[in-house]
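The structure presented is a predicted model; accordingly, all values stated were derived computationally and were not measured. In what follows, chains carry the letters A, B, and so on, assigned in the order in which the sequence lines appear, proteins first and then strands, with residues in each chain numbered from 1.
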Protein chains: 2
Amino acid sequence: MAAEKGLGLARVAAAAGVTVATVSNTINRPHLVAQSTRERILAVMTELDFVPNRAAATLRKGSARVIGLVVPEIVNPFYAAVTESVAVEAGEQGYALALCVSHDDPAVERRHFEMLAEHRAAGAIVVPLLATAERLTQLRMVGTHLVLIDRVENSHDSCAVVVDDVAGGRLAADHLLGRPDTRALTIVNGALTIPQCADRLAGTLQAVDTHSLVQYETESMSIEDGVAVGRMIAESGSPRDVFCTNDQLAFGVIRGLHEGGLDVPRDARVVGYGDLALATEGDVQITSVAQPKAEMGRAAVGHIISEIADGESHRHTTTVFVPELIVRSSAPAA
Amino acid sequence: MAAEKGLGLARVAAAAGVTVATVSNTINRPHLVAQSTRERILAVMTELDFVPNRAAATLRKGSARVIGLVVPEIVNPFYAAVTESVAVEAGEQGYALALCVSHDDPAVERRHFEMLAEHRAAGAIVVPLLATAERLTQLRMVGTHLVLIDRVENSHDSCAVVVDDVAGGRLAADHLLGRPDTRALTIVNGALTIPQCADRLAGTLQAVDTHSLVQYETESMSIEDGVAVGRMIAESGSPRDVFCTNDQLAFGVIRGLHEGGLDVPRDARVVGYGDLALATEGDVQITSVAQPKAEMGRAAVGHIISEIADGESHRHTTTVFVPELIVRSSAPAA
DNA sequence: ATGAAAGCGCTAACAT
DNA sequence: ATGTTAGCGCTTTCAT
């Protein structure tokens with residue numbers, strides 16, 4: 001595997017007594033080559049430690065078997081899971097994965113897109129924190145194939161993989177409202193300018209119906225924020241059936257409630273969102289709305305690959321995943 | 001940034017009234033080009049939306065500005081942190097990062113190395129779970145530049161970035177033994193066949209000196225394992241100064257001790273290892289030995305780049321990071 | 001300071 | 001089934 005310089009199809013061809021075309025065919029379209037010839041060539045290739053040069057193929061074909069993945073960060077269990085799944089799936093499909101961490105900095109993001117373009121990447125999967133219009137326009141410049149993993153506005157000019165957060169919110173709320181004597185809900189949310197937060201709230205509103213809803217909005221959706229809100233809930237008359245729009249909040253809220261003297265699930269029920277590792281690390285296992293992170297990554301790679309295969313006839317599609325409620329002790333079944 | 005086909009140096013050159021050589025120089029060695037010419041060429045490049053083709057450059061130069069990163073998984077805060085830092089650093093140095101997830105499967109790993117070789121990657125950073133000899137031999141086949149992030153045996157034929165786990169173990173033990181009346185320690189470890197575990201124990205042994213040490217060995221170093229051991233410690237006469245060789249264990253041990261009626265840090269002190277997010281997510285903030293994950297990633301990229309720069313004269317070096325103790329409430333200062 | 005020209009290794013259309 | 005050949009777009013040496 002030494003990638004020896006000067007060792008190309010030509011030398012393999014010479015050693016095998018054929019021409020480069022036949023060697024190229026053994027690699028890319030084996031069916032066009034006679035079995036015996038093929039075997040001889042393969043033998044020579046191993047013999048010489050031949051490693052095909054993808055740069056040459058890319059130059060010739062105009063496109064590399066490379067998929068770019070642009071994420072705001074990896075140190076975040078959700079992105080880590082998506083990244084891992086994209087990496088695995090890309091690898092299995094014979095694509096290299098070019099990982100780009102943007103830290104949500106437009107300048108960095110732009111540099112990454114330029115790099116992907118220079119490499120003639122076959123496509124890019126982007127997990128934007130905020131899929132603003134300007135941003136997307138920029139993204140589209142990369143070239144042909146672009147898949148977004150996120151909630152995308154109606155005007156999507158790309159394929160996308162999204163989670164139905166409205167359904168997720170509804171799922172959580174319905175679960176909490178499932179007990180006959182539950183008349184009201186508390187929701188602990190992040191800023192409503194974040195589409196996911198708005199959607200989860202919308203789903204909740206669908207479910208509350210005639211019931212009432214007390215809303216808390218936190219700044220950073222962190223464990224700390226959750227603790228603070230949990231204490232407030234314990235001290236106030238807020239409903240003790242609490243839907244937190246992420247697991248960090250749920251984790252914190254449970255602690256805050258506890259500090260306020262309330263036991264979960266005896267005195268209060270809590271549902272989280274995301275089904276992160278965190279959900280099962282605390283003293284009480286958290287019921288949570290699970291997003292199919294691995295499937296999302298796989299679907300994204302699938303979109304790119306079929307977009308490539310489709311060619312001209314491609315029509316953009318959006319894969320919508322419906323989240324699933326994982327019931328644990330923080331909010332047991334009714 | 002449209003990466004339009006057929007648009008290369010040639011067309012830019014024509015439009016600017018120069019030859020390809022001058023355009024190439026404007027990109028790669030601007031100082032060789034007259035200011036006025038350079039500006040004109042730059043203008044034409046933006047005008048035409050020219051995106052240089054790296055595949056061509058790679059083909060010509062024989063090596064790509066690509067660094068491979070091979071990790072067993074990303075869904076693991078330690079690898080996630082290292083990966084993120086490698087990604088950022090590589091990006092800043094103008095390298096693309098080819099991320100490979102091996103799931104510790106030798107076959108998959110091998111495929112990844114082949115891919116990196118085919119792409120003529122400038123180097124690879126490998127975070128092997130087990131740096132067995134066979135494995136390393138295989139790795140070395142990738143080509144020229146290889147950096148390991150891990151504890152490496154003496155016989156290292158590559159650059160490496162390691163953490164001094166003996167020092168780390170000693171750090172933890174010294175801290176626990178810092179209180180005048182502490183005569184003995186408990187260590188909760190993983191399998192001693194794992195070098196890191198063995199080293200952390202070795203460091204502990206350096207510190208215990210005449211004190212005595214009670215050892216627990218767990219199967220998977222998980223939170224669950226920790227809980228079980230924590231209960232055992234509470235019920236037994238094991239020393240209540242406990243060093244856990246990772247944060248998961250520490251997290252679990254604290255819970256187990258608690259279930260056994262012991263308060264941390266009042267009745268028992270616990271030190272973890274790794275300084276993961278987990279360390280600060282529990283009810284009690286965990287004192288932990290921190291590995292400089294980001295610096296490690298940065299150092300690894302640095303090794304590759306200087307190895308490239310050094311050329312022939314390169315001598316392999318190992319960067320050893322000494323971990324640092326982050327004191328929190330689970331084991332306050334004496 | 002700029003130009004001319006020879007490939008790097010591969011693919012694919014065309015010919016045999 | 002296999003051979004011939006023309007580039008893909010770039011870097012770099014050697015001239016000018």
- Message: From the set dC10(C), dC10(D), dG3(C), return the single nucleotide nearest to any side-chain atom of Ala57(B).
- Response: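 Out of dC10(C), dC10(D), dG3(C), the nucleotide with an atom closest to Ala57(B)'s side chain is dC10(D).
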
- Of the nucleotides dG9(D), dT2(C), dG9(C), which one has an atom closest to the side chain of Val33(B)?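 Of dG9(D), dT2(C), dG9(C), dT2(C) is nearest to the side chain of Val33(B).
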
- Nearest nucleotide by nearest heavy atom, which residue falls closer to the 5' end of DNA chain C, Lys61(B) or Val18(B)?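 Here Val18(B) is the residue nearer the 5' end.
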
- Task: Would you kindly compare Ala21(B) and Ala56(B) by the position of their nearest DNA chain C nucleotide and give the one closer to the 5′ end?
- Result: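 Here Ala21(B) is the residue nearer the 5' end.
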
Nearest whole angstrom, please: distance from the [atom2] of [N] to the [atom1] of [X].
X: Ile27(A); N: dT2(D); atom1: CD1; atom2: P; answer: 15 Å
X: His119(B); N: dG9(C); atom1: NE2; atom2: P; answer: 17 Å
X: Asn53(A); N: dG7(C); atom1: CG; atom2: C1'; answer: 14 Å
X: Leu59(B); N: dG9(D); atom1: CG; atom2: P; answer: 12 Å
X: Leu32(B); N: dT12(D); atom1: CG; atom2: P; answer: 11 Å
X: Arg54(B); N: dC10(D); atom1: CZ; atom2: P; answer: 12 Å
X: Asn28(A); N: dA12(C); atom1: CG; atom2: P; answer: 7 Å
X: Glu4(A); N: dC8(C); atom1: CD; atom2: P; answer: 14 Å

Using a cut-off of less than 4.0 Å, is there contact between a side-chain N or O of [X] and OP1 or OP2 of [N]?
X: Thr22(B); N: dG3(C); value: yes
X: Thr19(A); N: dG3(D); value: yes
X: Thr37(B); N: dA1(C); value: no

- Toward the 5' end of DNA chain D, which comes first, Val20(A) or His31(A), by nearest nucleotide? His31(A)

Given side chains that start at C-beta, do those of [X] and [Y] come closer than 4.5 Å, heavy atoms only?
X: Val70(B); Y: Phe113(B); value: yes
X: His119(B); Y: His119(A); value: no
X: Val33(A); Y: Val18(A); value: no
X: Leu99(A); Y: Val71(A); value: yes

- Would Arg11(B) and Glu4(B) pass as an ion pair if we require N to O under 4.0 Å? yes

- Item | Rounded distance [0.5 Å steps], CE in Met296(B) versus CD in Glu89(B) | 14.5 Å

- Distance, nearest 0.5 Å, that separates CE of Met115(A) from CZ of Arg110(A):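 Here the interatomic distance stands at 14.5 Å.
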
- Task: Would you indicate what Gly62(A) reaches in the nucleic acid, counting non-hydrogen atoms under 4.0 angstrom: base, sugar-phosphate, or nothing?
- Result: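 The answer is nothing, as Gly62(A) stays clear of every strand by at least 4.0 Å.
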
- Asn25(A) near the nucleic acid: base, sugar-phosphate alone, or nothing, with a heavy-atom cut-off under 4.0 Å? nothing

- Interface with DNA chain D, restricted to residues 40-48 of chain B and to heavy atoms under 4.0 Å: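 None - not one residue of the stretch has a heavy atom sitting under 4.0 Å from the strand.
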
- Message: Within a 6.0 Å radius of atom CD on Gln93(A), are there more than 12 heavy atoms belonging to other residues, nucleotides or ligands?
- Response: yes

